**Q** 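Supplied in structure tokens, the structure appears directly below.
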Amino acid sequence: MSTDSSLYQRRRPALESELATIPWLAVLDPAQRERATLQILVTQAMPGDIICRTGRQATYWFGVVDGLLKMSSDNAEGQTMTYTGLPPGGWFGEGTVLKRESYRYNIQALRRSIVAGLPVDTFHWLLGQSIGFNRFVMNQLNERLGQFIAVREIDRMNSPDARVARSLAALFNPALFPGVGEVLRITQQELAYLVGLSRQRVNLSLNTLQARSLIRVEYGGLRVLDLTALRSSVFLSHRETHA
DNA sequence: TCATTAAATTGTT
DNA sequence: AACAATTTAATGA
């Protein structure tokens, strides 16, 4: 065992099983897909590892093959604001990569994760080559815009149940995170970090949502039963209940 | 494959 | 924050 393996980001080509989790590869021509496949690099991130930092020049378009990441940014007061979690199948940073700017947020691993990266130049090459790829990126930008608007609404909500419900709905978004499917692998502690509540409160909310048949709580994960209801469900805060 | 043990996660106060 | 209960993962016969 090497003594300093943790200090190095071991990057390697993607395995077939990992390539299979990348949604946009399917829209490419065989030739385009082969070139992209050769350029994709994969790395393993340990909990707390930072994938990209605010201000750093964007060099890769990143995607989550497995695990769970957190997207956050630091405001002027130096406080950290968490935007969203990034479960498997999610690709992010296209806006930044598109303009060849520097990253506008930090991406940090919440748990052991496998992260794939497509070099910026290859990203632009695909934009010039494939209509399907353009369509994918455009849809991605649009979906994410909707998600950011939802995040602002979530922040205004005072009901913890509603916050948990909406945050979960975002993570179950099949367009942005096709790798999630029916079951989201996330611990209640991780969800608490993302939503900004205590684990105890998240535990209560999850059981409330389960009682309403919106989700099912499982060990180490959550199963979605009614995504539409999760998205639109309105909850009264404790204060409003007794008003 | 099965039993044992450690570790992780959940439920509760 | 602490604790007990439950579930999973790892180990070795």
Side-chain angles (χ1 to χ4, degrees), chain A residues 1-7 9-10 12 14-18 20-21 42-51 64-72 79-90 106-116 154 157-174 177 179-227 229-231 233 235-242:
Chain A
M1 186 186 299
S2 69
T3 55
D4 55 357
S5 61
S6 62
L7 298 181
Q9 294 258 353
R10 295 178 296 119
R12 55 167 176 77
L15 305 173
E16 272 302 323
S17 59
E18 293 164 341
T21 72
V42 168
T43 184
Q44 185 177 72
M46 299 308 283
D49 282 358
I50 292 180
I51 314 315
V64 184
V65 172
D66 192 36
L68 185 66
L69 310 182
K70 180 186 77 172
M71 178 184 289
S72 65
Q79 293 177 335
T80 300
M81 159 141 197
T82 298
Y83 284 121
T84 181
L86 295 162
N106 300 311
I107 303 289
Q108 191 174 24
L110 282 181
R111 61 162 62 191
R112 242 172 73 136
S113 304
I114 304 292
V115 181
I154 290 172
M157 295 189 287
N158 41 9
S159 158
D161 289 347
R163 290 177 61 105
V164 171
R166 299 287 180 107
S167 299
L168 271 183
L171 293 174
F172 276 115
N173 183 331
F177 312 119
V180 173
E182 302 282 299
V183 178
L184 173 67
R185 294 268 302 163
I186 191 173
T187 66
Q188 299 181 4
Q189 178 66 75
E190 289 165 343
L191 185 57
Y193 282 138
L194 289 179
V195 183
L197 297 170
S198 70
R199 181 175 73 79
Q200 290 92 324
R201 193 61 191 79
V202 167
N203 179 267
L204 289 176
S205 290
L206 289 177
N207 282 296
T208 298
L209 296 177
Q210 177 172 244
R212 299 188 186 193
S213 298
L214 302 186
I215 62 170
R216 192 155 78 207
V217 181
E218 299 182 355
Y219 186 87
L222 301 165
R223 179 180 299 274
V224 63
L225 300 179
D226 191 341
L227 183 53
L230 255 195
R231 280 207 187 96
S233 58
F235 296 85
L236 294 179
S237 70
H238 199 266
R239 177 190 308 274
E240 287 157 347
T241 305
H242 297 288

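Side chains are part of it too, since the values below use all heavy atoms of this structure and drop only hydrogens, waters and symmetry mates. Naming: A, B, ... by sequence-line order, numbering from 1 per chain. Keep in mind that what you see is a predicted model, and the values were worked out from it rather than measured.
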**Q** Nearest 0.5 Å please: distance from the CG atom of A:Leu206 over to the CG atom of A:Leu214.
**A**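 Reported value, rounded in 0.5 Å steps: 11.0 Å.
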
**Q** Would you mind telling me which of A:Leu204, A:Val202, A:Asn203, A:Leu191 makes a side chain to side chain contact (heavy atoms under 4.5 Å, CB included) with A:Leu197?
**A**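 Answer after filtering A:Leu204, A:Val202, A:Asn203, A:Leu191: A:Val202.
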
**Q** I'd like to check A:Pro88 versus A:Thr21 (side-chain heavy atoms, cut-off strictly below 4.5 Å). Are they in contact?
**A**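 Of all side-chain heavy-atom pairs linking A:Thr21 with A:Pro88, none is under 4.5 Å.
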
**Q** What distance do A:Lys70 atom NZ and A:Leu86 atom CG have between them, rounded to the nearest 0.5 Å?
**A**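 Here the rounded value is 11.0 Å.
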
**Q** Nearest-Å distance, CG (A:Leu191) to C1' (B:dG11)?
**A**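 It works out to 16 Å between those atoms.
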
**Q** From the options A:Arg185, A:Arg111, A:Arg112, A:Arg199, select the one residue that forms a salt bridge (Lys or Arg N to Asp or Glu O under 4.0 Å) with A:Glu190.
**A**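 Testing each of A:Arg185, A:Arg111, A:Arg112, A:Arg199 against A:Glu190, the sole residue satisfying salt bridge (Lys or Arg N to Asp or Glu O under 4.0 Å) is A:Arg111.
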
**Q** What is the separation between atom CZ on A:Arg201 and atom C1' on B:dG11, rounded to the nearest whole Å?
**A**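 After rounding, the gap between these two atoms is 14 Å.
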
**Q** Tell me the interatomic distance from A:Arg185, atom CZ, to C:dA9, atom C1', rounded to whole angstroms.
**A**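 The distance from CZ of A:Arg185 to C1' of C:dA9 comes to 11 Å, rounded to the nearest Å.
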
**Q** Step by step, would you call A:Leu209 with A:Leu168 a side-chain contact (heavy atoms from CB on, under 4.5 Å)?
**A** CA-CA 11 Å; A:Leu209 296 177; A:Leu168 271 183; 4.3 Å; yes

**Q** Would you kindly give the CG-to-C1' distance between A:Leu222 and B:dT10, to the nearest whole Å?
**A**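 So the two atoms are 12 Å apart, to the nearest Å.
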
**Q** In whole Å, I'd like the distance from the CZ atom of A:Arg216 to the P atom of C:dT7.
**A**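 The answer, rounded to whole Å, is 14 Å.
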
**Q** How does each nucleotide of nucleotides 3-9 of chain B score, in 5' to 3' order, for protein heavy atoms under 4.0 Å: base (B), sugar-phosphate only (S), or none (-)?
**A** -----BB

**Q** According to a strict under-4.0 Å criterion, is A:Asn203 in side-chain N/O contact with OP1 or OP2 of B:dG11?
**A**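 A:Asn203 to B:dG11 OP1/OP2: side-chain N or O found under 4.0 Å.
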
**Q** To the nearest 0.5 angstrom, please state how far the CG atom of A:Leu68 sits from the OH atom of A:Tyr193.
**A**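 The CG atom of A:Leu68 sits 12.5 Å away from the OH atom of A:Tyr193.
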
**Q** Scan nucleotides 2-5 of chain C against the protein and return all N/O pairs shorter than 3.5 Å with their distances rounded to 0.1 Å.
**A**
| from | atom 1 | to | atom 2 | distance (Å) |
| --- | --- | --- | --- | --- |
| C:dA2 | N6 | A:Arg199 | NH2 | 3.4 |

**Q** So, A:Thr208 and A:Arg212: side-chain donor and acceptor under 3.5 Å apart, yes or no?
**A**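 Not at all, the side chains of A:Thr208 and A:Arg212 share no donor-acceptor pair under 3.5 Å.
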
